[in-house]
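Every chain is numbered from 1 and lettered A, B, ... according to where its sequence line falls, protein lines coming before strand lines.
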Amino acid sequence: MSIDIMDDVFDKALSSPGLVQDPSVLRSDYIPDRLPFREEQIRTVAEILAPILKNSKPSNLLLYGKTGTGKTAVTHRVLERLQKAATKTPKQMTFAYCNSRVAGTEYRVLSQLANAIGVEIPFTGLALSEVFARIIKHINQSQTNVIFTLDEIDFLVKHSGDDLLYEFTRSNSEIFPASLSLVGISNDLQFKDLLDPRVLSSLSEEEIVFTPYTADQLRTILNERALLAFPPGQVSQAAVNLCAALAASEHGDARRAVDLLRVAAEIAERKSAASLEEEHIRLALQHIEQDRIGEAVHSLPLHAKLLLTTIMLNQDSQSTGEIYESYRKLTETIRTESLTQRRVSALLAELDMLGLITTSIVSKGRYGRTKSIYTQVPKTRLRDLLTADPILKDLKLPY
DNA sequence: CCTCCACAGGAAGCGCAGGAGT
DNA sequence: ACTCCTGCGCTTCCTGTGGAGG
């Protein structure tokens, strides 16, 4: 029986022409040939980095702008072309890219960059300064002009300070006749405040600001992308417009807009729809949100899950103290060591960052200052997620 | 105007796991 | 085998603070 069902599904998948012609175009790592509305930034970045072709050191460069405004895409595109142009000169040059948030720590950022330029670095065990020294040594020995791109550099600075950047900017005096330039990409416009003035002045020899796309611009981008991904006439203009409008309302994030289009296309295909319509976009919006929440809850450490459980079991809005008290009781009933209030406070802040709970600081005068904590995720959904959790299941929680 | 509550959140440091060098 | 370094999760100790009630 079930086999027949599957055959049916697979047959359908095989026989139907499929709505999407080229799904790779809608993937988030796809960089289109044309980057509309970013010609000026491309030109500027290219001008700043071009000296590397003439064997002189390009200025360090800082790119600002919110997520999905094309910073990474522009950088990749320019570096790619630079690499092509470099084949015409005998000069050695190497580019390395690292996303600080994905890498996580200073050490991992550095080792990733090192590996990218051909220096083998173990994933742990070395002093930071040692990794650094090896990179410098390699650059000097190979006489290569190097450009390091550090994406989401604000994350690195917020979590580990600007020591690493300071080392980088200082290292230039140790490198000759080769060179090392930095391209920093930041989503946070205020992150400059966190930098040491010396680092700042060195890092931001050049600065480019990326403004969010407007709804109109997003529409153009989506239309171009849809043209590549779908056969003609398969996407309604209304769907594209809605997609653009939704993304524009969230600070003009092109990546989100394309994601939305991709998920909507998958939904439409599953429903064997003839074309992509507004309703698919709306469903996709829900789907993405649910996915995000499920994923976030699933990957939480045990005690964060326990905290979420107490928040779910309790009243609508609670203070940190109340949450901590119920959490303590919960850990007692399942005979688990409880964490300290300080740690719980940090975990609550993390849950807030993930969007699983909402907190706001309220002062009740004589009765202290605390956080008011509640969850926006529907309790039934939270209950489903938590009761299904394999780790929590074994603990026999008293729901 | 001052006090003082109930925390927020920073700083430092601890113990652990795990690789490099010796 | 031993030392030195790292990140990570955590604790301990600490200072800072908005505003109701005195």
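Side-chain N/O atoms of A:Arg134 include none lying less than 4.0 angstrom from OP1 or OP2 on B:dA20. Contact annotation: A:Ser345 reaches the phosphate of B:dA8 (side-chain N/O to OP1 or OP2, under 4.0 Å). Between B:dA6 and A:Thr320, no contact under 4.0 Å exists linking OP1 or OP2 to a side-chain N or O.
Between the C1' atom of C:dT6 and the CZ atom of A:Phe132 lies a distance of 17 Å, rounded to the nearest Å. Put simply, CG on A:Leu302 is 20 Å from P on C:dC8, counting in whole angstrom units. Across the protein-nucleic acid pair, A:Ile361 atom CD1 and B:dA8 atom P stand 7 Å apart, rounded to whole Å. Between A:Arg108 atom CZ and C:dG7 atom C1' there is a gap of 7 Å when expressed in whole angstrom units. One interatomic measurement links the two molecules: CG of A:Leu110 to C1' of C:dG7, which rounds to 14 Å at whole-angstrom precision.
For the side-chain contact (heavy atoms from CB on, under 4.5 Å) with A:Leu63, the qualifying choice from A:Asp151, A:Val209, A:Ile185 is A:Ile185, the only one to do so.
Comparing atom distances between the A:Tyr107 side chain and each of C:dT6, B:dC7, B:dA8 picks out C:dT6 as nearest.
Residues A:Phe37 and A:Thr211 have side chains not in contact (no heavy-atom distance under 4.5 Å, counting atoms from C-beta outward).
More than 12 heavy atoms of other residues, nucleotides or ligands sit less than 6.0 Å from atom CZ of A:Arg292. For A:Arg381, the CZ atom counts as densely surrounded, since its 6.0 Å shell holds more than 12 non-hydrogen atoms of other residues, nucleotides or ligands. For A:Lys379, the NZ atom sits in a packed shell: over 12 heavy atoms of surrounding residues, nucleotides or ligands are nearer than 6.0 Å.
Under a hydrophobic-cluster definition in which Ile, Leu, Val, Met, Phe, Trp and Tyr are linked whenever side-chain heavy atoms come within less than 4.5 Å, directly or via other members, A:Leu302 and A:Met312 are assigned to the same cluster.
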- Just by protein heavy atoms under 4.0 Å, how would nucleotides 11-21 of chain C read 5' to 3' in B, S and -? BBB---BBBB-

